[in-house]
Amino acid sequence: MKHILSVDQFDKAALETLFQSAAKMKQLVETKGGSDILKHRVSANVFYEPSTRTSSSFEAAMYRLGGNTISINDVQYSSVAKGETLEDTIRSLEQYADCIILRHPEVGAAQRAADVASVPIINAGDGIGEHPTQALLDLFTIYSEKGTIDGLTITLVGDLKHGRTVHSLVRLLRHYDVTIHTVSPLNLSFPKEHAKKSTHPLTAHESLDDIIRNTDVLYVTRVQKERFAKPSDYDKIQGSYVITNNTLADMKTDAIIMHPLPRVGEIAFEVDSDPRAAYFHQMRNGLFVRMALLAQVLA
Ligand code: ASP
């Protein structure tokens with residue numbers, strides 16, 4: 001049983017093995033399109049929350065490795081709408097699939113699924129908890145773009161309270177010698193329970209101007225509208241930070257800008273053509289890292 005529930009399962013050696021495998025997957029896709037190592041294997045995507053990249057890259061990863069996917073990308077068209085429990089949905093899909101990729105609004109849902117599953121569960125985001133496979137592809141992107149992770153200054157910007165991708169990323173970065181800065185609108189600062197899992201102090205700033213010149217990796221996140229009880233609270237914050245060409249003017253020439261996406265205004269489109277915009281590579285790396293993870297779990 002090889003569930004992927006949290007980044008805490010990955011030590012430095014496991015990360016290095018994963019990166020090597022992801023680099024091989026990249027080469028495989030770029031030379032031959034894929035392989036047959038997962039021929040006749042079936043995964044199930046079960047998404048209780050919206051997804052574009054995670055669901056489609058996991059699906060593409062299965063196809064590229066010769067396998068296939070059952071996609072329940074909107075559980076409202078499944079028995080969930082009839083009141084079926086998460087546990088029963090998992091026990092049903094494991095009859096058909098060799099692993100289940102689960103996104104769910106509740107923290108700990110992937111663990112709940114793993115507690116009853118007889119096939120591996122991959123956490124594709126559990127509410128405001130973690131998003132381990134995103135953090136793994138983020139780390140692979142930093143490593144690929146910068147050639148190293150050690151020694152970098154990483155600045156996290158945005159809704160760090162609700163953004164599960166940064167929760168997982170910070171936990172993973174404990175394996176590296178990095179400096180982490182945070183910039184977030186009031187009340188959306190990085191949660192202590194995730195910060196505790198890092199060996200690095202997180203230095204909080206009120207303004208990006210304080211740290212932008214020293215930053216090697218600018219990791220931008222969206223304000224997570226769906227997590228706000230009062231829409232007016234979201235409206236107050238949305239638009240309070242936007243990365244533009246003016247921001248780039250202050251950045252190192254070899255810095256990179258990342259975003260787990262979707263963006264809803266926090267990176268201006270004009271930034272896309274700058275060579276420092278790494279979010280398109282980041283998405284593509286999601287395919288390679290997820291191929292590597294599926295190969296580990298299923299091959
Ligand atoms: N796609 C990422 C997630 O599912 C980031 C986001 O939605 O803002 O967490």
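All ligand and atom numbering here is 1-based and tracks the order in the structure.
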Checking Tyr176 against Thr148: is there a side-chain donor and acceptor pair closer than 3.5 Å? no

For Glu106, is there any backbone N or O sitting under 3.5 Å from a side-chain donor or acceptor partner on His104? yes

Test: Lys161 and Glu193 ion pair at under 4.0 Å: no

By number and element, which atoms of ligand 1 are closer than 4.0 Å to a non-hydrogen atom of Arg164? 3 (C), 4 (O), 9 (O)

Under 4.0 Å from a heavy atom of Gln224: which atoms of ligand 1 are those, numbered in the order shown and with their elements? 6 (C), 8 (O)

Quick one: are Arg103 and Thr54 in side-chain contact, heavy atoms under 4.5 Å? yes

Can you find an N or O of Leu261 that's nearer than 3.5 Å to an N or O of ligand 1? yes

Main-chain N/O of His259 paired with Gln282 side-chain donor or acceptor, under 3.5 Å: yes

Numbering the atoms of ligand 1 from 1, which are under 4.0 Å from a heavy atom of Arg103? 4 (O)

Tell me, please: is Pro262 in heavy-atom contact with ligand 1, that is, under 4.0 Å? yes

Which atoms of ligand 1 have any heavy atom of Arg222 under 4.0 Å away? 6 (C), 7 (O), 8 (O)

